[in-house]
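Shown next, in structure tokens, is the structure this report addresses.
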Amino acid sequence: MPELPEVETIRRQLEPDLLGQRIERLEVLDERWTRPVDPGEVERAVDGKRIERLDRRGKYFLVGLEDDFVLVMHLRMTGNLLLVDAGTPDAAYLRARFVLEDGRQLWFVDARRFGEGAVLDAAEVEQRFRGRLGVEPLSDVFTAGELGRITAGRSAPLKSFLLNQAGIAGVGNIYADEALFRARLHPLSPAGSMRAEHHAALRDAVVASLCAGIDGGGASIDDYRDARGGRGTMQDEFLVHAREGQPCVRCGEPIRRIVVAGRSTYYCPRCQVRLRRRRRTGL
DNA sequence: CTTTTTCCCTGGACGC
DNA sequence: TGCGTCCAGGGAAAAA
């Protein structure tokens, strides 16, 4: 599933090819892709615009167009962004096609149709993300202290907290498991139960997990492919995710699978300590 | 306010 | 072979 490392991998691959190019036209092939906005409206907003920037915010892919417009896309579960040569036969599940100045096409392919695309102006992007997307984990704003602030008083399990994009933006099911394992924290521990040493450990673990994902070019478990249709290698380097029953890489204990926040959650029952809910210590 | 649950969507796995 | 059922999960919305 595309999470921050997967989206970042695609962004880095596309940047040299797309920057400065004009989008001749956009063809929305599945009207649900722009829901609730009319596809024609999005097509008209994109047609003929030059690409000035390629950015990422959490798991959102942002294409900065001229005149301060931003094409915002989200791959959700099964979305893929593919850069293909002219004349390539249409793939199954092709939802949107960008015909580029140089003849190549950028495809949004998405079997389950959760993915979406929209065109907003810069102010609307801010508006849309406000309160919904938290700190960028790979920015220098993401410190142990910041993590302490955003988890203070929270009773939700650490796994739920990591999946909540309003806290840290870009961590999904895979990298949440990996980060908790690295930090030796139990997925069911209340987020607010962490002490300073845990804040530091989890901050470092989130960063390390995401960087490992980017270094591996993302994790191709099911549908994820990079912008050239290639596979990442991160799925071969998982420490706990999807390793139910296999020995913990640290202690040999069989990895356990539970469901937290409706998501499969993998952890080592011996390495990852469960913290008790912390009562407010008298100041 | 915070937290949990439901919903969207469809390919693939599994059982009969 | 084919049909029915269940699962996967990001994020928004509804419910608790």
Side-chain angles (χ1 to χ4, degrees), chain A residues 1-10 28-37 56-62 72-81 91-96 108-118 120 124-125 127-137 149-180 187-194 206 210 213 218-225 234-235 238 240-244 257-266 277-278 280:
Chain A
M1 318 304 141
E3 303 179 27
L4 186 154
E6 287 73 28
V7 179
E8 181 61 22
T9 296
I10 292 170
V28 177
L29 305 169
D30 177 1
E31 74 282 355
R32 277 186 271 192
W33 191 65
T34 61
R35 201 166 44 185
V37 179
R56 178 194 53 72
R57 179 79 171 90
K59 303 171 194 170
Y60 286 86
F61 192 73
L62 307 177
V72 181
M73 294 187 279
H74 198 298
L75 302 172
R76 293 290 173 94
M77 295 287 300
T78 54
N80 282 303
L81 271 175
Y93 316 120
L94 183 59
R95 307 300 180 195
F108 193 106
V109 178
D110 185 17
R112 286 181 210 177
R113 307 211 279 191
F114 282 160
E116 59 187 350
L120 307 170
E124 289 171 327
V125 174
Q127 176 83 21
R128 173 165 297 205
F129 290 159
R130 187 170 302 144
R132 294 187 176 141
L133 282 188
V135 61
E136 275 297 319
R149 273 189 290 281
I150 60 183
T151 53
R154 299 258 176 176
S155 64
L158 275 172
K159 176 68 183 271
S160 301
F161 168 76
L162 289 175
L163 294 177
N164 181 357
Q165 302 301 295
I168 303 168
V171 177
N173 205 36
I174 292 171
Y175 297 97
D177 285 353
E178 295 292 290
L180 289 172
L188 290 176
S189 295
S193 67
M194 291 189 294
V206 166
L210 295 174
S220 294
I221 301 181
D222 298 312
D223 301 84
Y224 171 73
R225 297 293 182 276
M234 186 59 205
Q235 67 282 359
F238 286 161
V240 279
H241 187 77
R243 295 193 63 242
E244 183 180 17
R257 173 187 180 273
I258 56 176
V259 174
V260 183
R263 305 290 182 254
S264 286
T265 298
Y266 302 87
R277 180 194 289 254
R278 188 150 68 120
R280 173 177 288 277

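Letters go in sequence order (proteins before strands), and every chain restarts at 1.
Residues passing the salt bridge (charged side-chain N to carboxylate O under 4.0 Å, His left out) test with A:Arg225: none are found, sequence neighbours excluded. A:Phe129 meets the ring pair (Phe, Tyr, Trp, His ring centres under 6.0 Å) test with A:Tyr60; sequence neighbours excluded.
A:Thr265 has its side chain out of reach of A:Leu180: every pair of non-hydrogen atoms, C-beta onward, lies at least 4.5 Å apart.
Using a 3.5 Å distance cut-off with no hydrogens or angles, the side chains of A:Tyr224 and A:Glu3 do not pair a donor with an acceptor.
Salt-bridge formation is not detected for the pair A:Glu116/A:Arg35: no Lys NZ or Arg NE/NH1/NH2 atom is positioned less than 4.0 Å from an Asp or Glu carboxylate oxygen.
Where DNA chain B meets chain A (any atom under 4.0 Å from a heavy atom), the bounding nucleotides read 5' to 3' are B:dT2 to B:dG11.
Sorted by first and then second residue, the salt bridge (charged side-chain N to carboxylate O under 4.0 Å, His left out) pairs involving residues 156-165 of chain A (not counting sequence neighbours) are A:Lys159-A:Asp177.
A donor-acceptor pair is defined here as one N or O able to donate and one able to accept, closer than 3.5 Å; no such pair exists between the side chain of A:Arg257 and the backbone of A:Arg243. Listed for the A:Glu178 side chain is a donor-acceptor partner under 3.5 Å among the backbone atoms of A:Val240. Judged by distance alone, with hydrogens and angles left aside, the side-chain atoms of A:Arg56 form a donor-acceptor pair with the main-chain N or O of A:Gly58 at under 3.5 Å. For the pair A:Asn173 (side chain) and A:Ser264 (backbone), a donor-acceptor distance under 3.5 Å is present.
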(message) Across nucleotides 10-16 of chain C, 5' to 3', mark each nucleotide with B, S or - according to how protein heavy atoms within less than 4.0 Å reach it.
(response) BBSS---
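Among the heavy atoms of the strands, none lies under 4.0 Å from A:Arg95. Among the atoms of the strands shown, none is found under 4.0 Å from any heavy atom of A:Thr78.
Remark on the helix from B:dT2-C:dA16 to B:dC16-C:dG2: inter-end axis angle 50°, axes from five-pair C1' superpositions, rounded to 10°.
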